[in-house]
Q: 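Before anything else, here's the structure in question.
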Amino acid sequence: MKVVVTPDEFNAWTELQAYETTLTAQRGQWGAVSTFIGTMRNFNEGDAVNAMFLEHYPGMTEKYLQALSQTALQRWEILDTLVIHRVGHIQPSDTIVLVAAWASHRASAFEACRFLIEELKTKAPFWKKEILIEGERWVEKNTPATV
Amino acid sequence: MKVVVTPDEFNAWTELQAYETTLTAQRGQWGAVSTFIGTMRNFNEGDAVNAMFLEHYPGMTEKYLQALSQTALQRWEILDTLVIHRVGHIQPSDTIVLVAAWASHRASAFEACRFLIEELKTKAPFWKKEILIEGERWVEKNTPATV
Amino acid sequence: MMTIKVKFFASLREEVERSEVDLKPQGEMTVAQVWALACQDMPLPEHILSAVNLEYVSADTAVKDGDEVAFFPPVTGG
Amino acid sequence: MMTIKVKFFASLREEVERSEVDLKPQGEMTVAQVWALACQDMPLPEHILSAVNLEYVSADTAVKDGDEVAFFPPVTGG
């Protein structure tokens, strides 16, 4: 289990590969990996978005994501999880968030992965501010889970 | 959209990264990527599995996976898909299958990804033969979607 | 006279002890009749799937000259 | 006398025009009373979330000496 909150740009695929190679004890045990990657789009609610600032609550954010990962590991038959979230100044097409779950079977992997991203989006203390051509605006709510 | 059926070992994360870099026209448009990776476990139904042979129907398998990807692209608001499936001789912890969907929003990405793997598992012409310590056996059915 | 290519896969291939056979039937046939001709009237097992020209079909589908007919057990990929 | 650290985040931080304030109240307080003291009796907006010592709490939670109390708008990460 690993949780990272970082101001540095990261490549989701490289991070997944690097983390997976550390799971030596579980090699051969997992048959399913479900991942979700959220990246910054260059538009939102009809407006072009030039950049974004992602604020968080240092300390609480990490604590919340650790507890969330523990909950996922208890609630589903999964072997491991990885959560990485970017903060600070972000450019379009940058990776914002990565969640992943390793499991023996696919249903648990999918459900745990979906749980991680939905809980993160609705409860982890992060706030997005969009930098538009004409000024800035705080994002007031996320896209609902059903869209 | 890309479909590959290959006898060669592949690294899922490397393939995802390589394919994503080709999606230059859609850069900044997608905000969500959902992936599923199936790997070979070293046990099944209580038995240790030493190796596996994955048979397919050359021609029909590729055709089926192409049509499946097209269906996903029509049915959900997704921007692109990637499907890679291994055939031939496979060792424990090797990657067997990779499916991925790129979308503006996460619900479409998740649903299309899940659709791709469920349809692939129940309809694409592949057959697994497990090589156990004492002889071989054809896998008679896949783990159901709910497990 | 027609030429029909018949293919068998996986456990079924091992059971019927061949992977491919070319049939030269005299007239029109269904998929079920292709099976009967290829497999010496052994009954078509209920769980066996069939395809014509790389597409799933039912056993009563008509087969034309030059078609490729395939029979295989439930799939287990992924 | 207690010492309470109060933090504000995101749009709320901009609205109240500060990110952090240290309070030295005389006696026991709830989260809602911490807000009132920190924000000159401005009403606590209904959608604002609160946390004590890095955990979500409701506004009637009691605050102890040395606690860190945070107020912030609905989250929009991921």
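Chain letters run A, B, ... following the sequence lines, proteins first and then strands; every chain starts at 1.
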Q: Which atoms of B:Asp94 come close to chain A, meaning under 4.5 Å heavy atom to heavy atom: side chain ones, backbone ones, both, or neither?
A: neither

Q: Picking from A:Ser34, A:Ala100, A:Pro92, A:Ala32, which has the most non-hydrogen pairs under 4.5 angstrom with chain B?
A: A:Ala32

Q: Measuring heavy-atom distances to chain A, does B:Glu20 have an atom under 4.5 Å in its side chain, in its backbone, in both, or in neither?
A: side chain

Q: Does atom NZ (A:Lys123) have a neighbourhood of more than 12 heavy atoms from anything else shown, all under 6.0 Å?
A: no

Q: By a 4.5 Å heavy-atom criterion (distance strictly below it), what part of B:Thr95 contacts chain A: side chain, backbone, both, or neither?
A: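 Neither; nothing under 4.5 Å.
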
Q: Any chance CD of A:Gln66 has more than 12 other-residue heavy atoms, nucleotides or ligands included, within less than 6.0 Å?
A: yes

Q: Counting only non-hydrogen atoms closer than 4.5 Å, does B:Ile96 touch chain A with its backbone (N, CA, C, O), its side chain (CB onward), both, or neither?
A: neither

Q: Restricting to non-hydrogen atoms, name the atom on B:Gln17 and the atom on A:Thr14 that form the minimum distance, rounded to 0.1 Å.
A: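 Shortest heavy-atom contact: OE1-OG1, 3.6 Å.
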
Q: Under 6.0 Å from the ring centre and within 45 degrees of the ring axis: does the NZ or CZ of A:Arg114 meet both conditions for the six-membered ring of B:Phe110?
A: yes

Q: Can you confirm whether B:Gln26 is buried at CD, in the sense that more than 12 heavy atoms of other residues, nucleotides or ligands lie under 6.0 Å from that atom?
A: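 Yes, enclosed.
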
Q: Give the member of A:Cys113, A:Ser93, A:Ala12 that has the highest number of heavy-atom pairs under 4.5 Å with chain B.
A: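 Heavy-atom pairs under 4.5 Å are most numerous for A:Ser93.
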
Q: Less than 4.5 Å to any heavy atom of chain B: does that hold for the side chain of A:Ile117, its backbone, both, or neither?
A: side chain

Q: For the residue pair A:Gln29 and B:Asn42, what are the closest heavy atoms and their distance?
A: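 Heavy atoms of A:Gln29 and B:Asn42 come nearest at N-OD1, 4.5 Å.
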
Q: Quick one: closest heavy-atom pair of A:Ser104 and B:Phe43, and the distance?
A: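 In terms of heavy atoms, the two residues are closest at OG-CZ, 4.1 Å.
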
Q: For A:Glu77, look at atom CD and say whether over 12 heavy atoms of other residues, nucleotides or ligands are found less than 6.0 Å away.
A: no

Q: Going from CH2 on B:Trp13 to OG1 on A:Thr35, what distance comes out if it is rounded to the nearest 0.5 angstrom?
A: 5.0 Å

Q: Could you measure the distance from the CH2 atom of B:Trp30 to the CD1 atom of A:Ile37? Nearest 0.5 Å is fine.
A: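 So the gap between those two atoms works out to 10.5 Å.
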
